[in-house]
Amino acid sequence: MRRTRLLLTNFPRETQLTESQLHYVKNVLRIPEGSELEVFDGNGQAYLTQLQLTGKKSAQLLLKQTLEPQAPSRLAIHLGLCISKPQHMDIALQKSAELGVSTITPILSARCEHKRAQNKSAHWQEILVHACQQSGYNYVPNLFDPLPLATWANQLSSNIPKFICIPEQPMRLQTALIHQEAILLTGPEGGFSEEEVNLAIVAEFFCTGLGPRILRTETAPLVAISLLQFLAGDLRPEA
């Protein structure tokens, strides 16, 4: 039977559940006192704990066992995700976390509405946490503040292969095979402008396609991440 998982970044130093976590455990899942819960810290470590109610509106988790540390994805993927419509952005964030990306930077591009980025960080962070709770991955991606595309591109390392996803281009993701990190940029609903593509090329991005079809803004990052993970990461066939 699968255990309920919760993120507690400072466990076992701090064992108290937050109000929202207690509501989720007690009122949504209806988990009784004494049940086992799995706690993870977002950086690879997990613990087996036991739920103990300390009041009507308070509870703590008692440490029962420190579990074997989980290895991170063998390929560190840094995703630049152009901001899209809320429902599309949520799906892209959720699935990217499930697939094991390391960092995510929401990107302000020419063809996205910049107001969509306002006051969204807490909501986006919650999506990432829930995705890791559900998927069993103990590493929550680092979520950075939204940046204009030019600002983000200009601060990237020149030693890591960088890919911008452009329809009808040859696939170039195989370059990631010889590296332990990759930078991935996927576009908004309207695609990248010509100026943005040229900017990315100047910043040493490879233009890469993702197959014969034009993919939706929430589909493209999932396909690209899956391909990278298959070539060099978690989904790579064992020799």
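This is a predicted model, so every value here is computed, not measured. Numbers here simply count residues along the sequence, with the first being 1.
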Show me, pair by pair, the donor-acceptor contacts under 3.5 angstrom made by side chains of residues 93-103, not counting sequence neighbours?
residue	atom	partner	partner atom	Å
Ser96	OG	Ala92	O	2.6
Thr103	OG1	His78	ND1	2.9

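- Inter-residue side-chain proximity for Leu63 and Phe11 is flagged as met; some heavy-atom pair is nearer than 4.5 Å.
- Ile91 and Leu143 end up in different hydrophobic clusters when Ile, Leu, Val, Met, Phe, Trp and Tyr side chains are linked at under 4.5 Å.
- For the atom pair Leu228 CG and Ile183 CD1, the distance stands at 11.5 Å (nearest 0.5 Å).
- A search for side-chain hydrogen bond (donor to acceptor under 3.5 Å, both in side chains) contacts involving Gln21 returns Thr18, not counting sequence neighbours.
- With hydrophobic clusters built from ILVMFWY side chains whose heavy atoms lie under 4.5 angstrom apart, Leu37 shares a cluster with Leu53.
- Counting heavy atoms from C-beta on, the side chains of Ser109 and Pro188 come closer than 4.5 Å.
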Scan the side chains in residues 145-169 for donor-acceptor partners under 3.5 Å anywhere in the protein, sequence neighbours excluded, and list what turns up.
residue	atom	partner	partner atom	Å
Asn154	ND2	Ala150	O	3.0
Ser157	OG	Asn159	N	3.1
Lys162	NZ	Ser157	O	3.1

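- Judged as a side chain to side chain contact (heavy atoms under 4.5 Å, CB included), and not counting sequence neighbours, the contacts of Val223 are Leu210, Leu215, Thr219, Leu227.
- Within 6.0 Å of atom CZ in Arg111, more than 12 heavy atoms from other residues, nucleotides or ligands are found, so the atom counts as buried in its surroundings.
- When every heavy atom of Asp234 is checked against every heavy atom of Gln229, the shortest pair comes out as N-OE1, 3.1 Å.
- Looking at Ile104 and Phe144, their side chains never come closer than 4.5 Å, going by heavy atoms from C-beta outward.
- Within the structure, the salt bridge (charged side-chain N to carboxylate O under 4.0 Å, His left out) test picks out the following pairs touching residues 184-212 (sequence neighbours left out): Arg116-Glu189.
- Among pairs with a residue in residues 41-52, none fulfils salt bridge (charged side-chain N to carboxylate O under 4.0 Å, His left out), at least two apart in sequence or across chains.
- Applying the 6.0 Å contact sphere to NZ of Lys26 captures more than 12 heavy atoms from other residues, nucleotides or ligands.
- Between Leu185 atom CG and Phe206 atom CZ the span is 14.5 Å, to the nearest 0.5 Å.
- Under 3.5 Å, the side chains of Ser35 and Gln50 contain no donor-acceptor pair of N or O atoms.
- Counting heavy atoms from C-beta on, the side chains of Leu79 and Ile225 come closer than 4.5 Å.
- Applying the 6.0 Å contact sphere to CD1 of Ile214 captures no more than 12 heavy atoms from other residues, nucleotides or ligands.
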TODO: Carefully, step by step, assess Val39 and Leu48 under the rule side-chain contact (heavy atoms from CB on, under 4.5 Å).
DONE: CA-CA 6 Å; Val39 170; Leu48 182 61; over 6 Å; no
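- The salt bridge (charged side-chain N to carboxylate O under 4.0 Å, His left out) pairs that include a residue from residues 215-230 are Arg216-Glu218, where partners are two or more places apart or lie in different chains.
- Closest of all the heavy-atom pairs between Phe40 and Val140 is CE1-CG2, 3.9 Å.
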Open item on the list: Let's go through Leu51 and Leu17 carefully: what are the C-alpha distance in whole Å and the side-chain angles of both, what is the deciding distance for side-chain contact (heavy atoms from CB on, under 4.5 Å) to 0.1 Å, and is it a yes or a no?
Closed with: CA-CA 10 Å; Leu51 178 65; Leu17 294 183; 4.0 Å; yes
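- Interatomic distance, CG of Leu8 versus OG1 of Thr49, reported as 8.0 Å (0.5 Å rounding).
- Residues forming a side-chain hydrogen bond (donor to acceptor under 3.5 Å, both in side chains) with Asn119 (at least two apart in sequence, or on another chain): none.
- Side-chain N or O atoms of Thr217 include one that pairs as donor or acceptor with a backbone N or O of Gly187 at under 3.5 Å.
- Under the 4.5 Å side-chain criterion, counting only non-hydrogen atoms from C-beta, Pro106 is in contact with Met89.
- Of all the heavy atoms in Leu7 and Gly42, the pair that sits closest is CD1-N, 3.4 Å.
- The side-chain hydrogen bond (donor to acceptor under 3.5 Å, both in side chains) check on Ser58 picks up Thr54, with sequence neighbours excluded.
- Of all non-hydrogen atoms in Ile83 and Ala117, the two that sit nearest each other are CD1-CB, 3.4 Å.
- Arg172 and Cys207 get closest at one heavy-atom pair: CG-O, 3.1 Å.
- In this structure the side chain of Leu61 never reaches within 4.5 angstrom of the side chain of Tyr47, judged on heavy atoms.
- Within the 4.5 Å cutoff, the side chain of Thr105 has no heavy atoms near those of the Leu81 side chain.
- Here side chain to side chain donor-acceptor pair (under 3.5 Å) pairs that include residues 123-134, with residues two or more places apart or in two chains, are Asp90-His123.
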TODO: Check the pair Asn138, Asn43 against side-chain contact (heavy atoms from CB on, under 4.5 Å), reporting the backbone distance first and the verdict last.
DONE: CA-CA 6 Å; Asn138 291 340; Asn43 290 305; over 6 Å; no
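- Smallest separation of non-hydrogen atoms from Cys112 and Ile107: SG-O, 4.1 Å.
- Among pairs with a residue in residues 29-38, those fulfilling salt bridge (charged side-chain N to carboxylate O under 4.0 Å, His left out) read Arg3-Glu36, Arg3-Glu38, Arg5-Glu38, Glu36-Lys64, at least two apart in sequence or across chains.
- In this view, Tyr139 and Gln70, Pro72, Tyr137 satisfy the side chain to side chain contact (heavy atoms under 4.5 Å, CB included) rule, not counting sequence neighbours.
- Hydrophobic clustering, with ILVMFWY side chains joined whenever heavy atoms are under 4.5 angstrom apart, groups Val197 together with Phe205.
- Two different hydrophobic clusters hold Ile201 and Leu184 under the rule that ILVMFWY side chains link at heavy-atom gaps under 4.5 Å.
- Linking ILVMFWY side-chain heavy atoms closer than 4.5 Å, directly or via other members, places Ile77 and Leu235 in two distinct hydrophobic clusters.
- The side-chain heavy atoms of His23 and Val28, taken from C-beta on, include a pair separated by under 4.5 Å.
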